[in-house]
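Read the structure below first, then the notes.
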Amino acid sequence: MNEITPRLRFAPSPTGYLHIGGLRTALYNYLFAKNKNGKLILRIEDTDRKRFVEGAIENLIDTLNWAGISFDEGPDIGGEFSPYLQSERLGIYKELAQKLISEGKAYYCFCTPERLEKLKEEQQKQKLPQAKYDKYCLHLSKTEIEEKLNSCIPHVIRLNVKPDQKIIFDDVIRGTVEFETNNIDDQVLLKSDGFPTYHLANVVDDHLMAISHVIRGEEWLSSTPKHIILYDYFGWEKPIFAHLPLLLNPDKSKLSKRQGDVAVEDYREKGYLKEALINFVALLGWNYGDDKEFYEIDELIEKFSLERVHKSGAVFNIEKLNWLNFEHLRRKPDTEVLKMLRAEIEKSEFKDNKYSDEYLLKVISAMKERVSFIKEYLSKSPYFFHAPETYEEQNLKKRWKEDSAELLNKLKERFELLNNPSKEDFEKVLDEIASQLGISKGQLVHPLRIAVSGVGEGPGVYDIVYILGKEETISRINVALQKLS
RNA sequence: GGCGCGUUCGUCUAGUGGCUUAGGACGCCGCCCUCUCAAGGCGGAGAUCGCGGGUUCGAAUCCCGCACGCGCUACCA
């Protein structure tokens, strides 16, 4: 059918935020579509009015945009198969459900929730292998149905599943999967509020929107036979199915809230790069077959294939994500890091301070290999943004000796003679003093580091001092001398 | 309970009958580099490939059974 241009879709329901598992599903659809020169459609499955969340759709689209997953059709961009909001397609579902009824492939059901509840209880008590609707309303007479319909008794439309048949279908990832219709319930297709259930709406829209490949989470595998039945009842060609392995919590259950962050926006807020998140999530369930782990989106598109998607679930391991964030961040050009750093400063206590681009660029080159997140420029090297107010206790104990103040004072005096010093100039001065006094460089370096940064770790001291500049360095030494003598 | 899917180092994974003393990565540990911390280099610990049977000269790789895990079992998606 659509072998020339595959049509893919990502069809989330607007429950408030984009789940990290949803991001991966969207990504795989995107990668597949791009790889095959196909189209990607965004469809919103807002058929559950009870779960409707204000602003969820906007949020979903915003997050997808942030992640760089772009669509060819969707509620915000329109397209040939509009509308892309299921809540705006109610008439279509109703009409098709009625068509099924007229052909005996579906039927009205007037059973109350109470009767359904009771039925379930009884079936459980009898230890029946599976709890299913008993098709009670299938056997209502025409006049009974008319009567109930006319007196506006709440009703649903159910799928009429024929017993004793086998439903067999191929899944790109799992191979041939087989179900027996005896294990399939007469699923509700149209709810009493006139909204369709997922099963009806999904099948109808996938067909009407000419979707060629359905790539979705494994949680849908069990209900795929219902969808197959629907395709067959309608006489429609079936799409190709691919059920993705689940993303798991550390305890191997389906990735969920409670056990950590599952919303993409949480990671975004924490400062994760979209490149890192995409890279990470792509590798959770897919691998090209080699040892490569660092990917940019273009290469992912080029190499992705469904055939190499795994069958088993993958635990979401934050350590590796952090590493990938570091790897992606360090590869960014300094000018881009500068922009991000400026944005971070704006949000921080240093927002009123003025730093030149030249200065910040020096900070970036000094700290680049030491930070995994932009905000760490501020948290790991605050001394580049303001003078230290306190000095790390532990470090002081270890590195601040009896003679430190005196040595530091000597160093300061020599620094004062310097004119527009380079990093090497600072180093030379320190070298000279050390050899003149016959002491190790460490005896000067460590106190200097403490005085100037307040902490015991960071870039080379000469780098710090050079970046800070002569005036600031001397002023910090003075303060330290005062406080520590 | 029923049905379905899955099972290689802690985690992500390579592996599709011999090239495997099961490879890589993250994390962990050690050494080197070094003014510190990183980065980098080198090395280490870590998987009897869920278990038990087969098939085969030979199995992580093929077949069967079992166990365990997960998913589904809603007028939720």
Side-chain angles (χ1 to χ4, degrees), chain A residues 11-15 45-48 50-51 109 111 113 116 120 123-124 127-132 154-158 171 173-175 177-180 182-185 187-199 201-202 216-225 243 245-246 248 250-254 280 283-294 310-324 326 330 366-372 380-381 395 398-399 427 430 440-450 453 455-462 464:
Chain A
S13 62
T15 53
E45 312 228 323
D46 55 344
T47 56
D48 186 358
K50 294 188 288 293
R51 292 219 290 183
C109 173
C111 290
L116 262 19
K120 204 170 168 184
Q123 285 173 334
Q124 266 164 4
K127 296 214 163 156
L128 247 50
Q130 69 273 333
K132 275 172 35 178
H155 60 275
V156 301
I157 294 177
R158 282 181 185 277
D171 184 284
I173 295 165
R174 322 222 159 233
V177 185
E178 210 177 302
F179 289 85
E180 292 196 19
N182 291 352
N183 292 317
I184 301 170
D185 201 2
Q187 186 61 235
V188 170
L189 263 20
L190 209 67
K191 301 182 249 185
S192 57
D193 62 2
F195 277 65
T197 57
Y198 172 87
H199 309 283
N202 191 262
R216 69 206 333 181
E218 193 193 325
E219 67 267 33
W220 295 109
L221 191 60
S222 299
S223 38
T224 304
H243 288 93
L246 259 19
L248 273 21
D251 72 355
K252 307 259 184 189
S253 58
K254 187 164 126 183
F280 176 63
L283 258 19
L284 247 32
W286 172 86
N287 177 285
Y288 184 65
D290 55 16
D291 289 337
K292 190 176 168 66
E293 303 216 68
F294 182 88
H310 305 145
K311 292 172 164 67
S312 52
V315 173
F316 188 93
N317 175 220
I318 198 101
E319 299 283 358
K320 197 142 188 176
L321 208 209
N322 290 342
W323 170 72
L324 275 171
F326 167 69
R330 72 189 299 204
M367 289 300 293
K368 211 167 192 186
E369 282 172 349
R370 286 164 243 264
V371 298
S372 294
K380 285 195 169 175
S381 56
N395 200 253
K398 196 170 157 199
R399 307 286 194 188
E427 186 166 5
L430 196 139
S440 75
K441 282 163 72 176
Q443 285 172 269
L444 291 166
V445 160
H446 294 300
L448 178 59
R449 174 184 291 283
I450 293 174
S453 77
V455 295
E457 57 202 46
V461 178
Y462 310 122
I464 297 180

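Naming convention: chains lettered A, B, ... in sequence-line order (proteins, then strands); numbering from 1 in each chain.
- Using a 4.0 Å heavy-atom criterion, one finds that Val156(A) contacts the bases of the nucleic acid, with or without backbone contacts as well.
- Using a 4.0 Å heavy-atom criterion, one finds that Glu178(A) contacts the sugar-phosphate atoms exclusively.
- Distances shown here put a side-chain N or O of Lys254(A) below 4.0 Å from the OP1 or OP2 atom of C72(B).
- For the P atom pair drawn from U56(B) and C12(B), the interatomic distance equals 36 Å after rounding to whole Å.
- At least one side-chain nitrogen or oxygen of Lys252(A) sits closer than 4.0 Å to the OP1 or OP2 atom of U11(B).
- Under 4.0 angstrom from either OP1 or OP2 of U34(B) there lies no side-chain N or O belonging to Lys441(A).
- Looking at the side chain of Leu246(A), the nearest of the listed nucleotides A38(B), G71(B), A25(B) is G71(B).
- Nearest nucleotide to the Ala314(A) side chain, out of U11(B), C12(B), C37(B): C12(B).
- For Lys311(A) against C5(B), no side-chain N or O and base N or O form a donor-acceptor pair under 3.5 Å.
- Summary of the strand contacts: Gly460(A) and Arg158(A) both lie near RNA chain B, and taking for each the nucleotide with the nearest heavy atom, the more 5' one is attributed to Gly460(A).
- Under 4.0 Å is where a charged nitrogen must lie from a carboxylate oxygen, and between Arg370(A) and Glu457(A) no such pair does.
- Across all strands shown, C66(B) forms a Watson-Crick or G-U wobble pair with G50(B), both key distances being under 3.5 Å.
- Residue Arg174(A) places no side-chain atom within donor-acceptor reach of the base of C5(B), judged by atom type and a 3.5 Å distance cut-off alone.
- Here the separation of A60(B) from G50(B), taken at their P atoms, is 10 Å to the nearest Å.
- Between His310(A) and A14(B) there is a side-chain N or O to OP1 or OP2 distance below 4.0 Å.
- The side chain of Val445(A) lies closest to C35(B), out of U36(B), G4(B), C35(B).
- Taking the nucleotide of RNA chain B with the nearest heavy atom to each of Pro250(A) and Arg330(A), the more 5' of the two is matched to Pro250(A).
- Residue contacts for Gly289(A): at a heavy-atom cut-off of 4.0 Å it reaches the sugar-phosphate backbone alone, with no base atom in range.
- Under 3.5 Å, the side chain of Lys380(A) and the base of A38(B) form no donor-acceptor pair of N or O atoms.
- If you check every strand for non-hydrogen atoms under 4.0 Å, Ser192(A) touches a base.
- When heavy atoms are screened at a 4.0 angstrom cut-off, Glu319(A) is found touching the sugar-phosphate backbone but no base atom.
- Atom name P, nucleotides C76(B) and U61(B): the rounded distance is 44 Å, in whole Å.
- Between G71(B) and Arg216(A), no contact under 4.0 Å exists linking OP1 or OP2 to a side-chain N or O.
- Lys120(A) comes within contact range of the sugar-phosphate backbone alone, with a heavy-atom separation under 4.0 Å but no base atom that close.
- Between His243(A) and C5(B), a side-chain N or O to OP1/OP2 separation shorter than 4.0 Å is absent.
- Using cut-offs of 30° and 60° for the angle between ring planes, the Trp220(A) and Tyr198(A) rings count as parallel.
- A22(B) and A38(B) have their C1' atoms separated by 33 Å, with the value rounded to a whole Å.
- Nucleic acid contact for Val371(A): none, since no nucleic acid atom lies under 4.0 Å from a heavy atom of the residue.
- The phosphate of C76(B) (OP1 or OP2) has a side-chain N or O of Lys191(A) nearer than 4.0 angstrom.
- OP1 or OP2 of A77(B) lies within a sub-4.0 Å distance of a side-chain N or O belonging to Thr47(A).
- Around the NZ atom of Lys398(A), the shell of radius 6.0 Å holds no more than 12 heavy atoms that belong to other residues, nucleotides or ligands.
- Look at the P atom in both C64(B) and U7(B): the space between them is 15 Å, to the nearest Å.
- Counting heavy atoms from C-beta outward, Arg158(A) and Gln187(A) have side chains that stay 4.5 Å or more apart.
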